[in-house]
Amino acid sequence: MPRTEFIATGFHVPERVVTNDDLAQLMDTSDDWITQRSGIKTRHWVSDGETGVTLAREASCRALANARMEPSDLDCIVYCTCTPDHFEPGNGVFLERELGLTDIPAIDVRNQCSGFIYGLSVADAWIRTGQYQRVLLVGAEVHSRGLDKTKRGRDTAVLFGDGAGAAILGPTDDPRRGVLSTHLFADGRHAEKLWVDAPGLAHDPYVSEQLLHEGKHRAVMEGKEVFKFASILMPQSVAVALRANGLTPADITLLVPHQANLRIIEMVQKVTGLRDDQVYVNIQKYGNTTAASIPIALHEAVCAGRLARGDVLIFTAFGSGFTWASAAIRW
Ligand code: COA
């Protein structure tokens with residue numbers, strides 16, 4: 001059975017940069033509070049005319065160009081997002097249309113901050129079994145239009161940003177390289193600890209003035225609980241990835257964690273016992289871009305020369321659901 005390799009990556013964020021001071025103009029917050037609690041300094045927000053799919057299209061076109069491939073070379077699209085442009089259909093088909101394609105499958109993965117690793121797991125299984133040869137894996141989010149930019153929502157509004165990251169995946173026969181493993185986890189007992197309640201068909205009517213008035217269409221979060229579980233479960237998922245492949249922390253060239261919060265990343269680094277140069281961090285620039293955060297960080301790390309052939313790369317993520325996941329890759 002072949003392994004799955006990353007053929008190329010790419011990313012795109014909107015031009016508009018929003019600083020912590022900009023946010024302080026909109027709501028009762030400060031650069032100090034945001035920096036101390038999260039490490040975030042700026043994030044990117046979409047402007048008129050931009051959507052999750054337009055961000056995904058730009059990221060995908062860059063990844064395709066880096067792979068020296070055309071959209072017509074693709075066999076399949078795996079689109080990871082928790083902020084779809086529309087309730088139905090999923091963003092995958094809109095991206096397919098934007099790429100000028102009409103006859104390949106497009107699947108949408110709804111696993112929030114763990115979305116990119118869940119999507120990678122799906123793509124990896126298809127590639128290893130030979131069902132698809134060239135898979136476009138995208139993580140793209142537009143949070144800015146959904147955030148509650150008042151005092152009520154300031155605990156979440158300051159954390160999230162918009163952006164897209166993409167990877168082109170395909171089979172390799174080199175037994176020393178490729179995706180070594182993916183491990184996926186979920187615990188729905190915590191579903192309401194970070195969620196968007198409405199619109200949703202659990203409500204009748206599924207959208208109403210009252211739901212909007214109550215802010216049920218906004219992301220709400222029990223921040224301390226999210227922090228506690230992420231700090232425990234992300235390092236655990238890294239340990240599982242290492243154990244499954246007979247590796248130790250010293251073997252890791254680069255850990256690319258989901259960029260949720262600098263303090264969570266520091267906790268993962270400490271518990272796992274990694275040096276600074278083994279962990280990639282860019283949350284200060286982009287905030288939490290959910291399913292896009294790992295592919296954006298991966299592309300930056302690749303461009304910065306942080307990964308060479310044969311290096312061990314680990315992904316770990318945690319988010320709403322709760323869902324969490326890890327992947328081990330030999331670059
Ligand atoms: N600016 C200023 N003050 C804020 C604020 C903001 N953006 N958001 C909340 N506050 C206030 C609170 O109202 C509270 O005020 P009070 O003491 O007068 O009641 C105070 O700051 C402390 O709030 P608290 O919720 O105890 O802060 P915290 O130390 O738990 O930090 C988070 C809040 C959200 C930064 C933290 O819980 C966290 O990082 N959680 C994980 C979030 C995350 O990563 N989510 C995504 C996972 S994928």
Side-chain angles (χ1 to χ4, degrees), residues 18-43 80-83 109-118 139 141 143-144 146-163 165 184-188 190-196 215 218-238 256-270 281-284 286-297 315-326:
V18 177
T19 66
N20 293 343
D21 288 334
D22 293 334
L23 290 183
Q25 305 290 317
L26 297 174
M27 64 190 96
D28 185 9
T29 189
S30 67
D31 177 44
D32 267 1
W33 195 97
I34 300 169
T35 306
Q36 278 173 20
R37 298 287 207 295
S38 72
I40 299 165
K41 298 301 279 184
T42 58
R43 74 284 293 140
C80 315
T81 190
C82 65
T83 53
V109 173
R110 280 284 314 269
N111 291 89
Q112 302 74 243
C113 298
S114 310
F116 190 79
I117 305 179
Y118 267 71
E141 308 282 0
H143 283 292
S144 57
L147 299 171
D148 182 352
K149 302 178 190 95
T150 68
K151 191 168 178 182
R152 181 175 68 179
R154 63 182 176 167
D155 59 331
T156 49
V158 300
L159 300 178
F160 292 93
D162 304 339
L184 312 179
F185 306 93
D187 184 348
H190 306 287
E192 289 89 0
K193 287 185 177 141
L194 173 50
W195 75 321
V196 182
R218 307 294 194 188
V220 289
M221 175 178 71
E222 291 179 34
K224 283 191 169 51
E225 285 291 287
V226 172
F227 192 97
K228 185 177 80 186
F229 279 92
S231 303
I232 296 167
L233 296 173
M234 287 174 81
Q236 269 182 22
S237 77
V238 173
V256 176
H258 165 53
Q259 310 283 311
N261 183 314
L262 184 59
R263 292 190 306 158
I264 293 174
I265 296 173
E266 286 170 350
M267 195 69 84
V268 176
Q269 175 176 345
K270 190 171 151 208
V281 179
N282 66 3
I283 189 165
Q284 65 280 3
Y286 306 114
N288 181 347
T289 57
T290 315
S293 90
I294 288 179
I296 291 174
F315 295 149
T316 177
F318 175 89
S320 163
F322 292 147
T323 62
W324 63 106
S326 65

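Everything quoted here is computed from the prediction, not taken from an experiment. Every number for a ligand or one of its atoms is a count from 1 in the order of the listing.
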Peer 1: Report yes or no: does Ser231 contribute a side-chain atom to a donor-acceptor pair with the main-chain N or O of Phe227 at less than 3.5 Å?
Peer 2: yes
Peer 1: Under the salt bridge (charged side-chain N to carboxylate O under 4.0 Å, His left out) test, which residues partner Glu266, sequence neighbours left out?
Peer 2: none
Peer 1: What residue pairs, at least two apart or across chains, pass salt bridge (Lys or Arg N to Asp or Glu O under 4.0 Å) with a residue in residues 29-40?
Peer 2: Asp31-Lys41
Peer 1: What are the distances between nitrogen or oxygen atoms of ligand 1 and protein nitrogen or oxygen atoms, counting only those under 3.5 Å?
Peer 2:
{"unit_1": "ligand 1", "atom_1": "1 (N)", "unit_2": "Thr29", "atom_2": "OG1", "d": "2.7"}
{"unit_1": "ligand 1", "atom_1": "3 (N)", "unit_2": "Trp33", "atom_2": "NE1", "d": "3.3"}
{"unit_1": "ligand 1", "atom_1": "3 (N)", "unit_2": "Arg154", "atom_2": "NH1", "d": "3.4"}
{"unit_1": "ligand 1", "atom_1": "7 (N)", "unit_2": "Thr29", "atom_2": "OG1", "d": "3.1"}
{"unit_1": "ligand 1", "atom_1": "7 (N)", "unit_2": "Arg154", "atom_2": "O", "d": "3.1"}
{"unit_1": "ligand 1", "atom_1": "13 (O)", "unit_2": "Arg154", "atom_2": "NH2", "d": "3.0"}
{"unit_1": "ligand 1", "atom_1": "21 (O)", "unit_2": "Trp33", "atom_2": "NE1", "d": "3.2"}
{"unit_1": "ligand 1", "atom_1": "26 (O)", "unit_2": "Lys224", "atom_2": "NZ", "d": "2.3"}
{"unit_1": "ligand 1", "atom_1": "29 (O)", "unit_2": "Arg37", "atom_2": "NE", "d": "3.0"}
{"unit_1": "ligand 1", "atom_1": "30 (O)", "unit_2": "Lys224", "atom_2": "NZ", "d": "3.0"}
{"unit_1": "ligand 1", "atom_1": "37 (O)", "unit_2": "Gly223", "atom_2": "O", "d": "3.3"}
{"unit_1": "ligand 1", "atom_1": "39 (O)", "unit_2": "Asn261", "atom_2": "ND2", "d": "2.5"}
{"unit_1": "ligand 1", "atom_1": "40 (N)", "unit_2": "Gly223", "atom_2": "O", "d": "2.9"}

Peer 1: Going by the rule salt bridge (charged side-chain N to carboxylate O under 4.0 Å, His left out), which residues pair with Lys149 if we only count those two or more places apart in sequence or in a different chain?
Peer 2: none
Peer 1: Rounded to the nearest 0.5 Å, what's the gap from OG1 on Thr19 to CZ on Arg43? Could you check?
Peer 2: 7.5 Å
Peer 1: Between Gln259 and Asn282, is there a donor-acceptor pair closer than 3.5 Å when you use the side chain of the first and the backbone of the second?
Peer 2: yes
